[in-house]
Amino acid sequence: MDLTEHSFLQVFFIVLWIMMPAYLSNTFAVITGGKFPIDQGKIHSDGNRILGDGKTWSGLIGGTSGGMLIGYLQLNYGNAIIDGIAGTNNYNFWGENELIIIFLLAFGALLGDMTASFFKRRTKLNRGDKSPVLDMFDFIGMALFLTLLFDYEWLKSWILDGYAPLFTLLIATPFLHRGVNIIGYKLGIKNEPW
Ligand code: CTP
Ligand code: MG
């Protein structure tokens, strides 16, 4: 994949496309979530919940599966779409170990979200309280970190290809995150618009 031969706008869409399993896994977690809290209601030594009722097994499993389903659909039926939008030509977006990368993106996003909840509880933020910077980048940060651990070459092959990929992640992530959450809120599947 050579991103430098594409325009900035094309790279923008390619990056969103690659990261789609990570961007959407939390949306699925909101839908399937709410059952079987991962911390089992346990309290940390500081007197607050370890993670809180917003992090559940049903959300983690449903969200990971949902994100992977999106990736699977992209992989098998998506090329006509992305090729049309971004001028790509049957690119191998997720590399040789595509299913593992897609899993790491979907699961990593939720792991990042969970890690953030752990730190939010440590700073006395209640479930659902706003923590703007953390909420916007936790999921994408952990998703990318897991792929880095697993296949550094794959990540490097596109994320450092010019300035556009990193720029897209930094700028588009907050907007997309907020946009998806506002939609979820309006549809009544999310309690807060963030
Ligand atoms: N959710 C879940 N399990 C997860 C992630 C999300 O069940 N691993 C569901 C929960 O019902 C949660 C909702 O999705 O309330 C929204 O997710 P999020 O905004 O991440 O959780 P919050 O309720 O805001 O909790 P926190 O303050 O810990 O982020
Ligand atoms: Mg939240």
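For ligands, and for the atoms within them, numbers begin at 1 and follow the listed sequence. Hydrogens, waters and symmetry mates play no part in the numbers below; they use all other heavy atoms, side chains included.
Counting heavy atoms from C-beta outward, V15 and P165 have side chains that approach closer than 4.5 Å.
Distances from atom 27 (O) of ligand 1 to the heavy atoms of A116, P37, G128 put G128 nearest. For atom 5 (C) of ligand 1, the nearest non-hydrogen atom from the set G52, S25, G54 comes from G54. Atom 11 (O) of ligand 1 has its nearest heavy-atom neighbour, among M114, R127, E192, in R127.
Within the 3.5 Å criterion, the main-chain N or O of A116 finds no donor-acceptor partner in the side chain of D138.
Side-chain polar atoms of K120 and S131 form no donor-acceptor pair below 3.5 angstrom.
Within ligand 1, counting atoms from 1 as listed, the ones closer than 4.0 Å to a heavy atom of L60 are 8 (N). Listed by number with element, the atoms of ligand 1 under 4.0 angstrom from any heavy atom of T56 are 2 (C), 3 (N), 4 (C), 7 (O), 8 (N). Each of the atoms 2 (C), 7 (O) of ligand 1 lies under 4.0 Å from some heavy atom of G33. Atoms of ligand 1 found under 4.0 Å from any heavy atom of S117 (numbered from 1 in listed order, with element): 26 (P), 28 (O), 29 (O). Set against the non-hydrogen atoms of R121, the atoms of ligand 1 under 4.0 Å away are 26 (P), 27 (O), 28 (O). Under a 4.0 Å criterion applied to the non-hydrogen atoms of A29, ligand 1 contributes the atoms 1 (N), 5 (C), 6 (C), 9 (C), 14 (O).
The nearest pair of heavy atoms linking D129 to D135 is O-OD2, 4.2 Å. L51 and D39 make their closest contact through N-OD2, 2.9 Å (heavy atoms, listed as atom of the first residue, atom of the second, distance). Contact record, G67 with P21: O-CB, 3.5 Å, taken as the closest heavy-atom pair.
Polar contact with ligand 1: absent for D129 (N/O pair, distance under 3.5 Å). At a 3.5 angstrom cut-off on N or O pairs, L110 does not count as close to ligand 1.
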Discussion item. Using the rule given for ring-ring contact (aromatic ring centres under 6.0 Å, His included), can you reason through H6 versus F12, listing the C-alpha separation, both sets of side-chain angles and the distance that settles it, and then say yes or no?
Written reply: CA-CA 10 Å; H6 293 281; F12 179 85; over 10 Å; no
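Taking the ring centre of F118 as origin, the terminal cationic atom of R122 falls inside the region bounded by 6.0 Å and 45° from the ring axis.
The proximity of K120 to ligand 1, defined as any non-hydrogen pair under 4.0 Å, is limited to the side chain. At a 4.0 Å heavy-atom cut-off, ligand 1 touches D113 through the side chain alone.
Ring pair F93/Y91 is tilted by interplanar angle, where 30° to 60° counts as tilted.
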